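Letters go in sequence order (proteins before strands), and every chain restarts at 1. This one's a predicted model, so the numbers in the text were calculated from it and none came from an experiment.
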Amino acid sequence: MSERRKQFPFLEFEPHWQRVWKEQQTFRAPNPGENGFDPTKPKFYVLDMFPYPSGEGLHVGHTEGYTATDILARYKRMQGFNVLHPMGWDAFGLPAEQFAIKTGQHPAITTSKNVAHFKAQLQRIGFSYDWAREINTTDPDFFRWTQWIFLKLYNSWFDPEKNCARPIEELIAAHTPDSYETAGSLRDFIDSNRLAYVSEAPVNWCPELGTVLANEEVVDGKSEIGGFPVIRRPMRQWMLRITAYGERLLNELENLDWPESIKTLQRNWIGRSEGAEAIFRIQGSEESITVYTTRPDTLFGATYVVLAPEHPLVEIITAPDQKAQVSAYQEQVRSKSDLERTDLAKEKTGVFTGAYAINPANQESIPIWIADYVLFSYGTGAIMAVPAHDERDFEFAQTFGLEIREVVEAPQLSKGCFSGEGTAKNSGFLNGLSTGNAKRAMTDWLEEVGAGKRSIRFKLRDWLFSRQRYWGEPFPIVWNNGFPEAVAEADLPVVPPLLADYRPTGTIEPPLAKAKDWITLPCGASRELNTMPQWAGSCWYYLRFISPKDRLSFVDKTAEKYWMHSGKPGGVDLYVGGTEHAVLHLLYARFWHKVLYDLGQVSTIEPFQRLVNQGMILGSDNQKMSKSRGNVVNPDEVIAEYGADSLRLYEMFMGPLETSKPWSMSGVEGVYRFLARVWRLVMIENQEGNWQLSPALVFDAPSHRLRKVMHATIKKVTQDVEALSFNTAIAQMMIFVNELTGSEKKPVSAVKTLLLLLNPFSPHLSEELWFRLKKTFDGFDGLASQERWPTWEESVLAEEEIEIIVQINGKVRDRIRVRKDLDAEELQQRAVNLPKIREAAENKIVRKVVVVPNKVINLVLN
RNA sequence: GCCGAUGUGGCGGAAUGGCAGACGCUACGGACUUAAAAUCCGUUGGGCGGCAACGCCCGUGCGGGUUCGAGUCCCGCCAUCGGCACCA
């Protein structure tokens with residue numbers, strides 16, 4: 001097939017124009033104050049999720065989103081915007097490190113090789129990135145600032161009163177000595193408030209990968225990458241206090257132009273719930289148990305209390321004769337992986353502690369159990385069990401024969417456990433109240449008698465931010481006498497040491513432990529051995545694109561204000577990427593951005609105003625593309641066969657950007673034929689087999705009909721590009737081309753308009769034909785890519801005569817051509833006189849006439 | 001189990017509540033050619049009737065509803081995909 005003669009010489013002109021654009025810096029976007037910057041133009045920041053440059057190279061799934069943003073970037077430039085459209089590399093990560101383990105090749109070498117490959121692939125597609133802004137997260141000039149931002153987090157605390165982050169120095173000023181006396185020391189007090197802090201809590205440890213993972217990276221008890229088992233074990237780890245921002249991360253989603261489904265995903269992940277804490281005294285003890293519940297209205301139905309097995313009170317309250325059983329159960333739970341713990345969730349397990357708590361509502365004495373269905377990490381790690389109105393408690397109570405007491409009357413008859421809303425009963429002062437009112441009444445009462453209070457909880461946990469890896473950003477932290485200390489800003493970046501051996505140590509020690517010389521500093525302090533997770537760089541890379549070479553700060557303030565200011569909460573005007581980042585990257589980046597905002601470093605509260613998720617491109621077998629299925633399509637092959645313009649156009653023609661759809665080579669061929677038809681509008685082959693300008697090109701004004709199609713096309717393409725509805729824009733251009741192909745003479749003005757409309761989609765062909773026309777016709781100066789976008793005239797589109805459909809009882813029976821805006825009465829006259837209508841209406845009475853102006857007349861008969 | 005998305009010809013997909021199937025693919029027929037490819041022109045949801053122009057009926061996952069009129073709005077199912085999953 002590759003031997004077949006190409007229908008137009010894209011193999012020559014595509015690389016040519018790529019070279020021209022590069023040499024002329026056609027897509028360079030200067031910053032305010034720089035040469036060539038035009039302050040009168042509005043800005044548009046259009047961003048792709050930058051890729052991890054894997055060894056496999058790009059496939060056509062990556063390039064779909066990139067094509068969409070490129071079309072928009074080119075379109076906006078033609079509309080007179082200053083367009084920021086950058087690309088870079090998210091290059092820290094496990095694959096390069098694992099490749100290094102296998103081959104001994106340093107990850108930096110693999111990375112730069114892969115980057116070169118990716119970049120060449122992208123350039124072959126003709127994307128209009130401003131390559132002068134290229135960034136790489138593994139570049140010390142980049143990660144210096146990742147480390148710098150980490151220090152900002154480390155040196156800040158969250159002020160709940162002002163609901164924002166503040167420099168750590170202000171913490172000391174804002175508090176009296178006794179507020180930190182309880183924390184042990186001033187140091188402990190400060191450390192326990194930092195946004196980046198060290199924690200000893202149980203973490204997800206993956207022995208196979210030799211690293212810990214964030215909750216978000218563990219799927220069904222296995223590592224998201226590789227699918228290896230993950231166990232829980234306590235380790236000393238860096239955490240980021242993202243929970244402090246729970247409320248804002250939730251509320252500030254509101255005014256973003258994101259798909260509602262992604263917002264929902266984030267809302268669910270943040271998981272805000274409103275409820276109450278209730279305090280249960282323990283019988284015969286000074287201790288008490290605080291539980292969290294979203295259903296305080298069911299307190300009278302609480303027939304037992306359950307503590308998480310890890311709960312510290314367990315040791316204190318357990319009755320001597322239950323000690324053995326309780327410890328055995330705790331041991332059993334401890335040894336379970338998360339996978340087992342959730343898998344075995346089918347059957348509830350637990351042990352009675354032998355202790356009793358007092359229900360504050362009715363003073364009844366109820367048993368205290370421990371069970372692993374209660375999570376230590378959520379709420380207070382303890383619950384009041386209301387088996388009549390909670391599925392899980394119900395199951396547990398049935399297994400262990402505990403009392404089930406109904407306290408909510410279901411609106412309809414229901415069997416077993418009713419967890420919905422209804423009317424309180426058997427509940428003393430709550431009786432007769434609706435669930436909503438009963439919740440309020442009970443919470444008020446708890447506060448009044450001092451047995452509890454209102455409380456809001458989040459499912460969101462603090463972000464586990466350290467990894468036991470080599471190929472990541474080192475922490476700008478040193479340890480001195482067992483305490484962490486920030487590396488001075490002037491000493492950034494902290495560059496990872498060269499290692500001969502990258503293998504995991506086989507223990508919990510990170511690989512950096514092997515770099516003995518690097519670890520120890522002259523002053524005796526030793527370096528933090530963990531590295532940051534891969535998310536770190538992507539949390540702020542969109543800011544670095546604004547001033548990628550800035551030596552003085554992570555982002556130039558003036559440029560940041562220009563490119564990020566949109567009068568809306570989010571700064572990036574359009575962000576396109578896959579749904580797989582719905583919670584992780586997008587939540588983390590929002591968090592960092594808000595911290596930077598609070599500290600006065602950036603000018604918007606949100607990073608990304610409009611978010612669009614491109615759908616997945618499936619193989620032609622309708623399956624996810626994967627090496628093992630052998631259905632992966634490489635863009636290079638498509639380009640070799642049909643050209644970059646065909647690749648771009650096909651990816652946009654397949655269907656709506658947001659949906660997933662299967663690849664089809666014959667579909668590529670379809671758009672290829674379309675581009676060939678465009679080519680032949682301008683060029684014909686002479687007898688020697690050379691291309692020459694078509695003699696059918698004329699200066700004549702387009703026919704009335706052609707003019708109409710042309711203006712309709714300008715309108716539709718403009719509106720569809722704005723709406724990212726590229727497939728229908730292309731369909732309209734096809735209609736336009738079909739019209740031109742069908743007409744004997746090809747008016748140059750119509751061809752010119754076509755080339756401009758096509759330019760963002762298939763820029764090489766547009767540029768080439770523009771250039772060829774320039775030789776013979778006036779009005780083709782410069783580059784097509786730098787022309788103004790055409791505008792349409794509504795008056796050309798106005799129809800003087802319209803076809804109206806005539807319905808009887810809602811079914812189409814006939815159609816008539818009438819003057820536009822003909823009044824209803826005359827229209828009805830015309831309609832009923834139609835032979836077909838007369839026939840159908842015979843012996844029937846006209847009950848009603850519905851007229852939709854210029855569209856429909858419907859006669860309702862019977 | 002809960003949340004979300006999707007469901008239209010042989011295929012990818014179009015349709016502000018107003019002619020369902022734009023545009024493309026596939027297939028078939030024709031033109032050009034010694035022949036083929038490419039190109040150009042036509043047909044292409046299903047069924048029934050007619051020599052024909054054409055006419056009629058059915059049809060947007062399934063069942064109801066609102067409406068003069070529903071692929072589109074409402075209610076209830078089914079299927080597929082994605083996310084969450086003891087979060088009290």
Q: When we call it a touch if two heavy atoms are under 4.0 Å apart, what does A:Arg847 touch: a base, just sugar-phosphate, or nothing?
A: nothing

Q: Between residues 725-735 of chain A and RNA chain B, which residues have a heavy-atom gap below 4.0 Å?
A: A:Asn727, A:Thr728, A:Ala731, A:Met734, A:Ile735

Q: May I ask you to say what A:Val852 touches in the nucleic acid, namely base, sugar-phosphate or nothing, with a heavy-atom cut-off under 4.0 Å?
A: base

Q: Indicate the atoms forming the closest heavy-atom contact of A:Leu402 with A:Pro367, along with that distance.
A: CD2-CG, 4.2 Å

Q: Within the modelled atom types, does a donor on one side and an acceptor on the other bring the side chain of A:Gln807 and the base of B:G18 under 3.5 Å apart?
A: yes

Q: Please state whether the base of B:C19 and the side chain of A:Glu803 form at least one donor-acceptor pair under 3.5 Å?
A: yes

Q: Identify, between A:Asn809 and A:Gly742, the residue whose nearest nucleotide on RNA chain B lies closer to the 5' end.
A: A:Gly742

Q: Which nucleotide, B:C25, B:A88, B:C68, lies nearest any side-chain atom of A:Ser666?
A: B:C25

Q: To the side chain of A:Arg815, which of B:C19, B:A88, B:C3 is closest?
A: B:C19

Q: At 4.0 Å (heavy atoms only), tell me whether A:Ser664 reaches a base, stays on the sugar-phosphate, or touches nothing.
A: nothing

Q: Please give, in whole Å, the distance from B:A88 C1' to A:Arg272 CZ?
A: 16 Å

Q: Check whether any side-chain N or O of A:His389 sits under 3.5 Å from a backbone N or O of A:Cys417 as a donor-acceptor pair, and report yes or no.
A: no

Q: Regarding A:Asn268, tell me which of base, sugar-phosphate or nothing describes its non-hydrogen contacts under 4.0 Å with the strands shown.
A: sugar-phosphate

Q: Using a heavy-atom cut-off of 4.0 Å across all strands, would you classify A:Ser273 as base, sugar-phosphate, or nothing?
A: sugar-phosphate

Q: Indicate, with a heavy-atom threshold strictly under 4.0 Å, whether A:Thr579 touches base, sugar-phosphate, or nothing.
A: nothing

Q: Starting from Watson-Crick (N1-N3 plus N6-O4 or O6-N4) and G-U wobble pairs under 3.5 Å, report the runs of at least three that RNA chain B belongs to.
A: B:1-7 with B:78-84, B:10-12 with B:23-25, B:27-31 with B:39-43, B:45-49 with B:54-58, B:61-65 with B:73-77

Q: Would you indicate what A:Pro656 reaches in the nucleic acid, counting non-hydrogen atoms under 4.0 angstrom: base, sugar-phosphate, or nothing?
A: sugar-phosphate

Q: Between A:Glu64 and A:Lys661, is there a side-chain N and carboxylate O pair less than 4.0 Å apart?
A: yes

Q: When the ring planes of A:Trp369 and A:Phe396 are compared, do they come out parallel, tilted or perpendicular, using 30° and 60° as the limits?
A: perpendicular

Q: List the residues meeting salt bridge (Lys or Arg N to Asp or Glu O under 4.0 Å) with A:Asp390, not counting sequence neighbours, and say none if there are none.
A: A:Arg392

Q: Looking only at atom C1', what distance separates B:A53 and B:G69, rounded to whole Å?
A: 30 Å

Q: Return the 5'-most residue of the pair A:Lys716, A:Met616 with respect to RNA chain B, ranking by each residue's nearest nucleotide.
A: A:Lys716

Q: Which one, B:G18, B:G4, B:A88, comes nearest to the side chain of A:Lys855?
A: B:G18

Q: Considering only side-chain heavy atoms of A:Asp372, which listed nucleotide, B:C86, B:U16, B:C58, is closest?
A: B:C86

Q: Considering only B:C68, B:C58, B:C84, which nucleotide approaches the side chain of A:Lys811 most closely?
A: B:C58

Q: Would you classify A:Arg813 as touching base, sugar-phosphate or nothing, given that sugar-phosphate means primed atoms plus P, OP1 and OP2, and contacts are heavy atoms under 4.0 Å?
A: sugar-phosphate

Q: Output yes when at least one side-chain N/O atom of A:Lys661 is less than 4.0 Å from OP1 or OP2 of B:G12, else no.
A: no

Q: Write down the distance between OH (A:Tyr672) and P (B:A38), rounded to a whole number of angstrom.
A: 11 Å

Q: Separation of A:Leu675 atom CG from B:C25 atom P, in whole Å?
A: 12 Å

Q: The side chain of A:Thr264 lies closest to which of these nucleotides: B:C3, B:C86, B:C68?
A: B:C3

Q: Syn if the chi torsion is within 90° of 0, anti otherwise; quick check, which is B:G9?
A: syn

Q: Assess whether atom NZ of A:Lys745 is packed by more than 12 heavy atoms of other residues, nucleotides or ligands within 6.0 Å.
A: no

Q: Taking only the side-chain heavy atoms of A:Val850 (C-beta and beyond), determine which of B:C84, B:C40, B:G18 contains the nearest atom.
A: B:G18

Q: Report which part of the nucleic acid A:Asp393 touches: base, sugar-phosphate, or nothing (heavy-atom distance under 4.0 Å, all strands).
A: nothing

Q: One thing to verify: whether A:Glu277 and A:Arg454 come together as a salt bridge, which I'm taking to mean a side-chain N less than 4.0 angstrom from a carboxylate O.
A: no

Q: Please state how far atom CD1 in A:Ile805 lies from atom C1' in B:G69, giving the value in whole angstrom units.
A: 9 Å

Q: Look at A:Arg680 and B:C40 and indicate whether a side-chain polar atom (N or O) is within less than 4.0 Å of OP1 or OP2.
A: yes

Q: State yes or no: are the ring centers of A:Tyr650 and A:Trp663 separated by less than 6.0 Å?
A: yes

Q: Between B:C23, B:G69, B:A88, which one does the side chain of A:Asp390 approach most closely?
A: B:A88

